Number of protein chains: 2
Amino acid sequence: MARKTGSHSEITGPRIREAAVRLFARHGYAAVSMRQIAAAVGVQAGALYLYTPDKQTLLFDLMRAHMEDLLRAWQAEPMRRAPLHRLEDFCRFHIRYHLDRTDGTFISYMELRNLEPKNFEMIGALRRDYEAALETILRDGVAEGRFTLPDTKLSTMALIAMLTGVNTWFRESGRLSRERVEQIYWDMVRRSVGA
Amino acid sequence: MARKTGSHSEITGPRIREAAVRLFARHGYAAVSMRQIAAAVGVQAGALYLYTPDKQTLLFDLMRAHMEDLLRAWQAEPMRRAPLHRLEDFCRFHIRYHLDRTDGTFISYMELRNLEPKNFEMIGALRRDYEAALETILRDGVAEGRFTLPDTKLSTMALIAMLTGVNTWFRESGRLSRERVEQIYWDMVRRSVGA
DNA sequence: CTTTAAAATGAACGGGCGTTCAGATAAGGC
DNA sequence: GCCTTATCTGAACGCCCGTTCATTTTAAAG
């Protein structure tokens, strides 16, 4: 019995996760029923509870997985020395990673308010970890005299908002290629930090 | 009878609108019931239907009002000549306006997916009008050789995302004053367009 | 082929949903 | 005081919700 083996939160079936991510991103957590998710998987609603203790935990697990994957992926990137190079790598990584996971990204930004306080705090902490990665680059760049930024915390938020915004308009079939988008965004970011 | 006088969509009582904006922003459209809105106003659920034909129209009216007010407010701003001045005015206006209406802004960005197709298209058109205001400034600046931007459409989206992002972190009681935030964002924007 | 455990069903639970409407209440003009 | 008209109530409608659970189906292991 899956219900008795180990902790729930980690083992949600991949098919369920995929269906839930898709549906939550399209219609929103509150607007999607467990029955809809089950139908997308090809199963009855009751069967979902073999894999997750409840709907809230399902959402939380999806969001946590998204953030932890993001942090792991960034840490796995080779790290160069110069702040300017690191900033370029961060920009390109951020755009690429988020464009590859539009649904997960959407959920992570839109469904924060549907998390219970304890879960909200956990996701918030992961997000702050990611922001800290960028802020460290900015601070190093300022310390080395390469960047001109009066407030690295504010600039961190500004840059992340700008970069994540790509997800709202980019279409694979559109006028601009990913590589071109990456390049133009990086040019704007580089100039905005005064480098 | 309110129900028979004129078109519904325009006359939703101010108390209902305020309560709905607050609740939709806090919990999301799908998660808020008509009964909750009614309770916040101090009335029974049925009474709401004297002022709006249904929940969907209530959401749509709130979003349309937000976008139309935004466009009107920008058009009412005095318009300077030089693209650089106009860009500065736009940045400061955008930040100020959105910080003054955090709930309405939140809804306008988060609840698009809960609009029926026809309503979605209408709100989308208003948003494109607003984006066009910024893009015109950027194009003029490029034409005059003041800005260096390979793609003004992309830059429009990038800048609006960056500026609107202020709403996600700014707190009136925080470390930075509005004026200081405006100034720093404007510096980043100015540099990002190559001016 | 039998045993055993995992996976899924399908009905049921109490409860909240958006919306309607006949009837009560309140507010002014005469 | 009466009449008109706007406002609101409160119960009801059918429907869907998240979740539980006894029971059945599926699938390996021995």
Side-chain angles (χ1 to χ4, degrees), chain A residues 1-24 26-63 107 111 113-116 118-119, chain B residues 1-24 26-63 107 111 113-116 118-119:
Chain A
M1 302 162 208
R3 193 179 272 126
K4 286 196 179 158
T5 2
S7 98
H8 270 296
S9 322
E10 292 293 348
I11 51 165
T12 318
R15 314 227 3 254
I16 295 176
R17 299 173 69 95
E18 281 159 33
V21 165
R22 253 183 70 95
L23 289 168
F24 286 164
R26 289 236 197 307
H27 311 293
Y29 171 76
V32 172
S33 70
M34 293 300 269
R35 282 171 178 86
Q36 283 176 263
I37 298 170
V41 176
V43 105
Q44 292 298 115
L48 299 182
Y49 291 85
L50 293 167
Y51 302 96
T52 186
D54 49 44
K55 194 186 175 190
Q56 165 74 203
T57 306
L58 175 55
L59 172 63
F60 172 64
D61 286 345
L62 296 177
M63 293 179 71
I107 292 173
E111 303 297 354
R113 63 180 164 191
N114 286 307
L115 290 174
E116 289 162 4
K118 209 182 64 184
N119 293 338
Chain B
M1 301 161 212
R3 191 178 274 128
K4 285 197 179 156
T5 2
S7 97
H8 269 296
S9 323
E10 293 292 347
I11 53 163
T12 318
R15 313 228 5 254
I16 294 176
R17 298 173 71 93
E18 282 160 31
V21 166
R22 255 182 69 95
L23 288 169
F24 286 165
R26 291 237 195 307
H27 311 292
Y29 171 76
V32 172
S33 69
M34 293 300 268
R35 284 169 177 85
Q36 284 176 264
I37 298 170
V41 176
V43 106
Q44 292 297 116
L48 299 182
Y49 291 84
L50 292 166
Y51 301 97
T52 188
D54 49 46
K55 194 187 176 191
Q56 165 74 202
T57 305
L58 175 55
L59 173 64
F60 171 64
D61 286 344
L62 295 177
M63 292 179 72
I107 292 173
E111 303 297 355
R113 63 181 164 190
N114 285 307
L115 289 174
E116 288 163 4
K118 209 183 64 184
N119 293 339

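This is a predicted model, so every value here is computed, not measured. First the proteins, then the strands, lettered A, B, ... as listed; each starts at 1.
- Evaluation of atom-type donor-acceptor distances gives a pair under 3.5 Å for the side chain of A:Arg35 against the base of D:dG18.
- Each of A:Ala30 and B:Ala47 has a nearest nucleotide on DNA chain D; the 5'-most of these lies closest to B:Ala47.
- Judged purely by atom type and a 3.5 angstrom limit, B:Tyr29 uses its side chain to pair as donor or acceptor with the backbone of B:Gln56.
- Atoms CE (A:Met34) and C1' (C:dA11) sit 18 Å apart, rounded to a whole Å.
- Distance from the side chain of B:Asp54 is smallest to C:dT19 among C:dT19, D:dC8, C:dA8.
- Across the protein-nucleic acid pair, A:Gln44 atom CD and D:dC17 atom P stand 13 Å apart, rounded to whole Å.
- We find the CD-CE distance between A:Glu111 and A:Met63 to be 7.0 Å, quoted to the nearest 0.5 Å.
- C:dA26 atom C1' lies 14 Å from atom CG of B:Leu50, rounded to whole Å.
- The nearest whole Å value for the distance from the CG atom in B:Leu48 to the P atom in C:dT19 is 10 Å.
- Taking the side chain of A:Tyr49 as heavy atoms from C-beta on, and the options C:dA7, D:dG18, C:dT19, the nearest nucleotide is D:dG18.
- One finds no side-chain N or O of B:Ser33 lying less than 4.0 angstrom from the OP1 or OP2 phosphate oxygen of C:dG16.
- One interatomic measurement links the two molecules: CG of B:Leu58 to P of C:dC17, which rounds to 15 Å at whole-angstrom precision.
- Taking atom CD1 on B:Ile37 and atom P on C:dC17, their separation rounds to 11 Å, with Å as the unit.
- Remark: side-chain polar atoms of B:Gln36 are paired, donor with acceptor, to backbone N or O of B:Ser33 under 3.5 angstrom.
- When rounded to the nearest whole Å, the span between CZ of B:Arg15 and C1' of D:dC8 equals 13 Å.
- At the heavy-atom level, A:Val41 lies nowhere under 4.0 Å from the strands shown.
- Of all nucleotides listed (D:dT19, D:dT9, C:dT19), D:dT9 comes nearest to the side chain of B:Val43.
- Two residues, B:Lys55 and A:Gly42, neighbour DNA chain C, and the one matched to the more 5' nucleotide by heavy-atom proximity is A:Gly42.
- The phosphate of D:dC8 (OP1 or OP2) has a side-chain N or O of B:Tyr51 nearer than 4.0 angstrom.
- Contact annotation: the side chain of A:Ile16 never approaches that of A:Thr52 to less than 4.5 Å [non-hydrogen atoms, C-beta and beyond].
- Looking at A:Tyr51, its side chain never comes within 3.5 Å of a backbone N or O of A:Pro14 through a donor-acceptor pair.
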